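What you see is a predicted model, and the numbers here were worked out from it, not measured in a lab.
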Amino acid sequence: MSDIKWESIGPVAERFGIEVPRLRTWCDKGLIEFDKRTTGRWIPHTEFPKIKKIIEIFNRGGNVTFDDVKEELIKENLYHQLQTDKEQEEKSKEMALLLGQAFEQSGANEMFMQIGSEFKRMQQEVNRLSQLVEKQNETKLLEDNRISNLQKDNEVLKGLVKDLISSDKDLKDTFHAYMKEQKQEDIDKQVQLTSQKKEKKGFLSKIFG
């Protein structure tokens, strides 16, 4: 078991492109094996083929129930671990019952009931903290996605501004070129008029001496 790699529920959901609440429901329904820690739910990598199969089953469409999914997982031999866990759980319950009877007969039952009550309270607090951490992880994922989208939009905006600046420069260059041509045409016209005046004056001088 020490060789098994574990991953928190948020990254696992992101890996398979599904929502965290949906994956959490599959865990609660007994479809996925998980470990509840103070940092939230952790899923072993050995469950990844099962998650892939569950997604495939639901994607077929139709009125698929969780019992239908369990049945297919059993057929695919992917439900074996869960079945083993259930058998272990039943044995644990049976052992707890026997111990309870023994404690009751020995007079230590009340003390252990208090211990059990305190343990239950601590477990509830751990579960509450775990859910809080999971929600924080979900919020962080949403914030990361929002920041990523803003960065993409910012890059697009930068490109538009760059194109606008480039376009504005082209317009200015075209305008300056046009004004230069107009100025040159005015100069040419002025030179031509001056030349015509000189020619006219020279011609009148010849006639009237």
Side-chain angles (χ1 to χ4, degrees), residues 1-103 112-113 115-149:
M1 290 296 291
S2 59
D3 299 350
I4 297 176
K5 294 182 180 179
W6 295 76
E7 196 168 342
S8 61
I9 192 169
V12 173
E14 188 175 8
R15 178 192 291 268
F16 288 95
I18 58 177
E19 302 83 2
V20 172
R22 189 179 186 191
L23 184 55
R24 190 187 298 122
T25 299
W26 294 352
C27 292
D28 293 339
K29 292 295 182 180
L31 299 178
I32 304 297
E33 179 186 358
F34 68 96
D35 183 29
K36 205 162 208 178
R37 307 177 185 177
T38 55
T39 54
R41 303 185 195 208
W42 287 70
I43 297 174
H45 284 204
T46 51
E47 292 296 282
F48 287 1
K50 191 186 295 181
I51 295 173
K52 185 177 179 182
K53 184 65 179 178
I54 293 171
I55 293 172
E56 177 189 323
I57 294 171
F58 278 116
N59 283 345
R60 292 175 192 165
N63 189 21
V64 180
T65 65
F66 290 112
D67 289 335
D68 295 333
V69 175
K70 285 182 182 179
E71 188 176 339
E72 285 217 32
L73 291 176
I74 292 170
K75 288 180 182 178
E76 295 287 337
N77 201 27
L78 292 171
Y79 203 69
H80 174 71
Q81 183 61 46
L82 283 174
Q83 293 295 92
T84 304
D85 290 345
K86 283 187 177 180
E87 291 173 4
Q88 189 65 36
E89 185 180 349
E90 291 298 325
K91 289 181 181 177
S92 297
K93 286 181 180 179
E94 184 179 350
M95 181 64 69
L97 181 61
L98 291 173
L99 286 172
Q101 291 173 351
F103 288 142
F112 280 98
M113 282 182 66
I115 294 173
S117 177
E118 181 63 18
F119 178 78
K120 184 177 180 181
R121 186 192 67 77
M122 290 175 62
Q123 186 64 39
Q124 288 174 345
E125 181 64 15
V126 168
N127 291 341
R128 186 186 69 80
L129 292 173
S130 297
Q131 290 176 357
L132 182 62
V133 171
E134 286 179 14
K135 288 180 181 178
Q136 288 176 342
N137 289 337
E138 291 173 28
T139 303
K140 185 177 182 302
L141 284 173
L142 290 174
E143 288 298 328
D144 290 344
N145 289 335
R146 190 177 293 113
I147 290 172
S148 177
N149 290 334

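For E72, the salt bridge (Lys or Arg N to Asp or Glu O under 4.0 Å) partners at least two apart in sequence or on another chain are R60. Residues passing the salt bridge (Lys or Arg N to Asp or Glu O under 4.0 Å) test with R37 are D35, sequence neighbours excluded.
Looking only at distances, no side-chain donor or acceptor of E47 sits under 3.5 Å from a matching main-chain atom of I32.
Counting heavy atoms from C-beta outward, P49 and K52 have side chains that stay 4.5 Å or more apart. I4 is not listed as a side-chain neighbour of H45, based on a closest heavy-atom distance of 4.5 Å or more. In this structure the side chain of F48 reaches within 4.5 angstrom of the side chain of V12, judged on heavy atoms. Using a 4.5 Å heavy-atom cutoff, the side chains of E19 and T25 are not in contact. With contacts defined as side-chain heavy-atom distances shorter than 4.5 Å, the pair D68/I57 does not qualify. Within the 4.5 Å cutoff, the side chain of R128 has no heavy atoms near those of the Q124 side chain. Taking 4.5 Å as the limit, every side-chain heavy atom of L31 sits out of range of all side-chain heavy atoms of K50.
Sorted by first then second residue, the ring-ring contact (aromatic ring centres under 6.0 Å, His included) pairs that include residues 53-74, not counting sequence neighbours, are W26-F58.
Taking 4.0 Å as the cut-off between side-chain N and carboxylate O, E71 and K75 count as a salt-bridged pair.
Put simply, CD on E125 and OG1 on T38 are 12.0 Å apart, with the number rounded to the nearest 0.5 Å. In this structure, CD1 on I51 lies 9.5 Å from OG1 on T46, to the nearest 0.5 angstrom. Distance CG/L23 to CZ/R15: 12.0 Å, rounded to 0.5 Å.
Looking at every heavy atom in both residues, S8 comes nearest to W42 through N-CE3, 3.4 Å. In terms of heavy atoms, A13 sits closest to V20 at CB-CG2, 3.8 Å.
No option in I74, L73, L78 other than L78 meets the side chain to side chain contact (heavy atoms under 4.5 Å, CB included) test with E76.
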